[in-house]
Amino acid sequence: AGETYTKTFTVSGANLTDNVTISSDKDAFTVSPSTLTAAQAMAGATITVTFAPTAAGTQNGTITVASSGATSKTVTVSGSATVPTPVLTVNPTSLNFSGCVVGQSYTQTFTVSATNVTGSVNISSNNARFTVSPSTLTAAQAMAGATITVTYSPTAAGTHTGTISVTSTGATTKTVSVSGTATSTPTMTVTPSTLNMSTEVGTPVTAIFHLQGSNLTSTVMLSVSGTGFSINKNNILKSAANNGTDVTVTYNPTSAGTHTGTVTLTSNGAEPVTVALNGVASTPKFAPVMLPADESKITATSFCADWT
């Protein structure tokens, strides 16, 4: 059902004086041409019969050839049809999620297409870590082609596998193999989380905090804010951070007063962490210096000393 098929037969005549008509008693069978002139018929003509079944099963009919004054002739026709086999197609047939982190979600897609499906198409996963959207397509959507999104949401570190099944009544099931590898959530810890420093204007002082990373997958980036504060490194390789490393903060105020700042550390997949910076700068105090003695101010019983 759904396709067309053709056969032919010939019509010839003698002593005809009128047109020849060709007709079918069943809609499933049509003829072309349906009329011949007398001359065409007497010369001999080919008639095409087209069978266009709309339902499965066997159908029979009669083609009648008639012309005024002539005995009508008939051609018996029969045809049988089956329902076309529904076919599903998926592309690609496998998806791999790599470099993933526990607690995060990642998506990839595949396409579903179909021919001759009559019912809905269902998409399902046998592993809860892999979910699909949408999970159902109408026959029309599937035959037009549809994109399916697979979401991988690992809840534990390791390698996970699964199968996405695409099914529809009468069609062979198609599958998409899915796999994913996840590591534990990367984290960063700083100790201490606050640095307090004090000095005189123009005299730098330093303080150190310790960074400890865990499961980091990318470089740690550092930035500092606040007047008078600087750091000795702007990035730390993931291997160094995972092993633990120190960062030096320098406070070199140019004016007296209280200053605050922040060191911010970021790395892909990890929550940012900060170190609060507090600085107090005072005006420099200079030690007194005794000036050389003025002999005119020295007597047997007294003297005068000048200091600055």
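Along the sequence shown, residues carry numbers from 1.
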May I ask whether Ile231 and Val273 are part of the same hydrophobic cluster, defined by side-chain heavy atoms of I, L, V, M, F, W, Y residues being less than 4.5 angstrom apart, directly or through others? yes
Step by step, would you call Asn232 with Val247 a side chain to side chain contact (heavy atoms under 4.5 Å, CB included)? CA-CA 7 Å; Asn232 69 327; Val247 178; 3.7 Å; yes
For atom CG of Asp27, is the number of surrounding heavy atoms from other residues, nucleotides or ligands below 6.0 Å larger than 12? no
Walk me through it: do Leu95 and Val176 pass the test side chain to side chain contact (heavy atoms under 4.5 Å, CB included)? CA-CA 7 Å; Leu95 297 174; Val176 177; 4.2 Å; yes
I want to check something: taking the side chain as every heavy atom from C-beta on, are Ser282 and Glu200 in contact at a cut-off of under 4.5 Å? yes
For residues Gln104 and Pro154, report the shortest heavy-atom separation together with the two atoms involved. O-CD, 3.4 Å
Do Thr155 and Arg129 come within less than 4.5 Å of each other through their side chains, counting heavy atoms only? yes
Can you establish whether the number of heavy atoms outside Lys233 located under 6.0 Å from its atom NZ is more than 12? yes
Decide whether Val224 and Met188 are clustered together by the hydrophobic rule: side chain heavy atoms of Ile, Leu, Val, Met, Phe, Trp, Tyr closer than 4.5 Å, transitively. yes
Side chain to side chain, Ile164 and Phe110, heavy atoms closer than 4.5 Å: yes
Just do the side-chain hydrogen bond (donor to acceptor under 3.5 Å, both in side chains) check on Ser153 and Ser105 with the steps written out, would you? CA-CA 5 Å; Ser153 302; Ser105 293; 3.0 Å; yes
From Thr194, Val263, Thr264, residue fulfilling side chain to side chain contact (heavy atoms under 4.5 Å, CB included) relative to Thr274: Thr264
Asn252 side, atom CG; Phe229 side, atom CZ - distance, nearest 0.5 Å: 10.5 Å
As an exercise, state the distance from CG of Asn15 to CE of Met42, rounded to the nearest 0.5 Å. 7.5 Å
Of Ile123, Val178, Thr151, the residue whose pairing with Val132 passes side chain to side chain contact (heavy atoms under 4.5 Å, CB included): Ile123
Can you list the steps and then say if Val205 with Thr250 is a side chain to side chain contact (heavy atoms under 4.5 Å, CB included)? CA-CA 6 Å; Val205 292; Thr250 299; over 6 Å; no
Just how far is it from atom CG of Asp18 to atom OG1 of Thr37, taken to the nearest 0.5 Å? 10.5 Å
Measure the spacing between NZ of Lys238 and CG of Asn268 and express it to the nearest 0.5 Å. 10.5 Å
With heavy-atom distances below 4.5 Å as the criterion, would you say the side chains of Thr89 and Lys174 are in contact? no
So which heavy atom on Asn60 is nearest to which on Ser78, and how close? OD1-CB, 3.0 Å
Heavy-atom check, side chain of Asn116 versus side chain of Thr85, under 4.5 Å: no
Say you draw a straight line from CG of Leu265 to OG of Ser223; how long is it, rounded to the nearest 0.5 Å? 7.5 Å
In terms of side-chain heavy atoms, does Ser267 have a donor or acceptor partner in Ser218 at a distance below 3.5 Å? yes
Near Asp246 CG, under 6.0 Å, is it more than 12 heavy atoms from other residues, nucleotides or ligands? yes
Could you point out which residue of Asn96, Thr159, Asn127 forms a side-chain hydrogen bond (donor to acceptor under 3.5 Å, both in side chains) with Ser179? Asn96
Taking all heavy atoms of Val201 and all of Ser255, pick out the closest pair and write down the distance. CG2-C, 3.4 Å
Membership question, hydrophobic clusters at under 4.5 Å side-chain separation (ILVMFWY): are Leu195 and Leu222 in the same one? yes
With a 4.5 Å heavy-atom cut-off, do Pro186 and Val101 have their side chains touching? yes
Just do the side-chain hydrogen bond (donor to acceptor under 3.5 Å, both in side chains) check on Thr48 and Thr8 with the steps written out, would you? CA-CA 4 Å; Thr48 299; Thr8 63; over 6 Å; no
Under the side chain to side chain contact (heavy atoms under 4.5 Å, CB included) test against Leu36, which residue among Leu16, Thr21, Val65, Val11 passes? Val11
Do the side chains of Val249 and Met197 get nearer than 4.5 Å, heavy atoms only? yes
Minimum side-chain heavy-atom gap Met221-Thr219 below 4.5 Å: yes
Mind checking whether Tyr5 and Val31 sit in one hydrophobic cluster, side chains of I, L, V, M, F, W, Y counted as touching below 4.5 Å? yes
Starting from the C-alpha separation in whole Å, work towards a yes-or-no answer on side chain to side chain contact (heavy atoms under 4.5 Å, CB included) for Phe9 and Ile22. CA-CA 11 Å; Phe9 67 93; Ile22 306 97; 4.2 Å; yes
Taking every heavy atom of Ala256 against every heavy atom of Thr283, the minimum-distance pair comes out as CB-OG1, 3.9 Å
Can you give me the closest heavy-atom contact between Thr149 and Thr109, atom names plus distance? OG1-CG2, 3.8 Å
Once you measure the plane-to-plane angle for Phe29 and Phe51, does it fall in the parallel (<30°), tilted (30-60°) or perpendicular (>60°) bin? parallel
Could you state the interatomic distance from OG1 (Thr167) to CG (Asn122), rounded to the nearest 0.5 Å? 4.5 Å
Suppose we call two aromatic rings close when their centres sit under 6.0 Å apart. Are Tyr106 and Phe97 close by that rule? no
Restricting to non-hydrogen atoms, name the atom on Val87 and the atom on Val117 that form the minimum distance, rounded to 0.1 Å. O-CG1, 4.4 Å
